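As structure tokens, the structure follows; a few thoughts come after it.
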Amino acid sequence: MVRAEAYLVDLEVETVRTDAVQAFLKQETIFVSLSTSDGLTGLGYSYTIGTGGTAVLALLRDHLLPRLVGVDARNVEAIWSDLFWSTHATTVGAITSLALASVDTALWDLRCLRSSEPLWRLAGGYRQRVPLYDTEGGWLHLSTDELVAGALASQKAGWPGVKLKVGKPRVHEDVERLRAVRDAVGPGLDIMVDANQSMTYPEARRRAAAFEAVDLSWFEEPLPADDLTGHVHLAASTSIPIAVGESLYSVSQFREYVAAGGAGIVQVDVARVGGITPWLKVAHLAETFNLEVCPHFLMELHVSLTAAVPNGRYVEHIPQLRAITRSEMTVVDGHAVAPDVPGLGIDWNADAIDDRRVA
């Protein structure tokens with residue numbers, strides 16, 4: 001590599017997004033651009049939902065990017081390992097994983113460009129279309145009528161699933177909202193719920209019991225992500241699959257969850273786990289345990305990765321890049337279609353990105 005650059009772009013949220021513990025303030029988008037001596041340039045990225053972006057940028061500029069110049073970009077595993085061990089004192093954690101991901105996705109962009117292949121095929125090539133579920137109509141601040149309207153709209157559009165946020169102060173509030181949606185859409189639509197780590201084990205067990213009659217596809221992040229024991233006990237106490245992963249930051253953390261029985265659905269996030277290289281390892285780990293992968297957020301990138309592996313089940317619909325891209329993810333008959341162009345397949349708008357750079 002002859003050049004390695006990192007910069008930060010702030011994106012305002014496209015709609016109000018709230019859950020039981022937080023709001024999505026903005027997307028701090030950390031870009032890494034890598035150029036090689038044969039004239040190729042790969043562009044990778046990661047993100048935060050409002051804080052920490054400048055810390056990721058500093059780690060990249062001060063410690064990671066200087067190690068890349070002069071290195072052969074084709075050696076993706078060697079580069080990832082070198083960067084990981086060079087910052088071992090700060091791993092495992094969000095800041096380092098986000099920094100690694102921005103480099104690793106740029107390396108995979110280069111790998112695909114050099115091979116003239118799309119990411120979904122080079123990463124595995126299992127299929128090109130993946131079922132899509134909608135989260136945008138399920139935020140916690142929305143009224144019951146708004147939840148119902150959103151679910152009906154998704155169903156009419158042919159999408160096979162919707163996700164609703166839970167974590168209202170009282171159980172009956174959550175149950176009434178879920179029951180209203182189920183009654184409106186009938187049994188043919190998948191309904192998932194997400195508590196965003198807001199509950200204790202006893203409370204999550206109580207709510208899971210109350211939710212079972214609604215026929216949920218999964219109960220997402222009911223407990224804090226570091227409560228492995230609680231997730232294992234909860235998974236054993238309910239028929240609802242327990243979904244975890246968006247707040248796990250290494251392959252080893254996923255290994256512990258999966259091996260202990262604390263994860264029924266694996267929601268590995270390519271940015272938070274450190275890039276495409278470890279994402280694929282988590283997906284294949286899940287496959288060996290006969291578990292499905294339904295990644296968190298970043299639909300424009302996850303569509304290709306979910307399509308690449310045989311156990312990819314769902315892509316989450318939360319659009320957030322439209323301000324800096326020229327085109328949107330293709331959706332056909334309720335399925336997200338992985339781009340068939342070489343590279344990551346994201347049609348970046350360079351001028352719009354430059355306009356939003358943080359000084």
Side-chain angles (χ1 to χ4, degrees), residues 30 32 44 46-48 52 55-56 59-60 63-64 67 75-108 123-124 196-197 201 218-236 241-298 301-302 305-306 308-313:
I30 304 98
V32 165
S46 61
Y47 75 99
T48 82
V56 179
L59 182 63
L60 284 162
H63 300 287
L64 300 185
R67 303 182 71 88
N75 300 332
V76 176
E77 284 279 1
I79 293 169
W80 196 95
S81 181
D82 175 71
L83 297 182
F84 177 84
W85 287 104
S86 73
T87 55
H88 195 244
T90 61
T91 57
V92 170
I95 300 300
T96 303
S97 290
L98 293 171
L100 290 170
S102 58
V103 173
D104 190 68
T105 50
L107 290 171
W108 272 86
N196 293 98
Q197 306 183 69
Y201 163 67
W218 70 66
F219 188 3
E220 182 174 334
E221 284 201 320
L223 312 175
D226 56 3
D227 186 2
L228 172 58
T229 301
H231 279 94
V232 171
H233 290 326
L234 180 63
I242 303 302
V244 297
E246 72 176 77
S247 302
L248 301 181
Y249 295 95
S250 74
V251 177
S252 60
Q253 289 179 335
F254 280 95
R255 180 197 64 213
E256 296 302 312
Y257 257 92
V258 170
I265 300 289
V266 175
Q267 295 187 300
V268 55
D269 181 316
V270 68
R272 294 180 176 183
V273 81
I276 294 169
T277 299
W279 192 98
L280 289 171
K281 293 175 182 178
V282 171
H284 295 316
L285 167 70
E287 184 185 3
T288 67
F289 281 84
N290 196 29
L291 296 176
E292 292 175 313
V293 173
C294 304
H296 165 256
F297 195 41
L298 293 185
L301 188 51
H302 281 138
L305 295 178
T306 309
V309 297
N311 55 329
R313 174 180 173 185

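All of these numbers come straight from a predicted model, not from anything done at the bench. Here, residue 1 is the first one in the sequence, and each next residue gets the next number.
In this structure the side chain of E256 reaches within 4.5 angstrom of the side chain of L228, judged on heavy atoms. Using a 4.5 Å heavy-atom threshold, the side chains of F254 and V273 count as touching. Between L305 and P295, the closest side-chain pair of non-hydrogen atoms is not below 4.5 Å. At a threshold of 4.5 Å between non-hydrogen side-chain atoms, the residues H63 and S86 do not count as touching. Side-chain contact between I95 and T90 is absent, with no heavy atoms from C-beta onward closer than 4.5 Å. No side-chain heavy atom of L291 sits under 4.5 Å from any side-chain heavy atom of N311. Using a 4.5 Å heavy-atom threshold, the side chains of I30 and T48 count as touching.
Y249 and Q253 get closest at one heavy-atom pair: N-OE1, 2.5 Å. A pairwise comparison of heavy atoms in V309 and A283 identifies CG1-CB, 4.1 Å as the closest pair. Summarising the geometry of A101 relative to A271, their closest heavy-atom pair is CB-O, 3.3 Å, with the distance given to 0.1 Å. For the residue pair P222 and A243, the shortest heavy atom distance occurs at CD-O, 4.4 Å. Annotation for A99 and L64: closest pair CB-CD1, 3.7 Å, computed over non-hydrogen atoms. Across all their heavy atoms, Y257 and A225 have their closest contact at OH-O, 2.7 Å.
Between the T288 side chain and the L285 main chain, a donor and an acceptor come within less than 3.5 Å of each other. The main-chain N or O of D269 is never found under 3.5 Å from a side-chain atom of H302 such that the two would form a donor-acceptor pair. Proximity of a side-chain donor or acceptor of R272 to a complementary backbone N or O of E246 within less than 3.5 Å is detected.
Between Y47 and F297, the ring planes are perpendicular. Angles over 60° get that label, and only those under 30° would be called parallel. The aromatic rings of F84 and W80 sit parallel to each other, their planes meeting at less than 30°, with 60° as the upper class boundary.
Here N75 contributes atom CG and S81 contributes atom OG; the two are 12.0 Å apart, rounded to the nearest 0.5 Å. Remark: I276 CD1 to L301 CG distance equals 5.0 Å, nearest 0.5 Å. A distance of 5.5 Å separates CH2 in W108 from CG in L280, rounded to the nearest 0.5 Å. We find the OG-CG distance between S250 and L100 to be 11.5 Å, quoted to the nearest 0.5 Å. Between Q267 atom CD and S247 atom OG the span is 9.5 Å, to the nearest 0.5 Å. Between atom CD1 of residue I265 and atom CD1 of residue I242 there is a gap of 10.0 Å, rounded to the nearest 0.5 Å.
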Query raised in the report: Step by step, would you call V293 with W279 a side chain to side chain contact (heavy atoms under 4.5 Å, CB included)?
Result: CA-CA 10 Å; V293 173; W279 192 98; 3.7 Å; yes
Report task. Carefully, step by step, assess H231 and V244 under the rule side chain to side chain contact (heavy atoms under 4.5 Å, CB included). Result -> CA-CA 9 Å; H231 279 94; V244 297; 3.5 Å; yes
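With 3.5 Å as the limit, one finds no donor-acceptor pair spanning the side chains of Y201 and H233. Remark: the T91 side chain and the T96 side chain contain no N/O donor-acceptor pair separated by less than 3.5 Å.
Among residues two or more places apart in sequence or in another chain, the side chain to side chain donor-acceptor pair (under 3.5 Å) test is passed with R255 by none.
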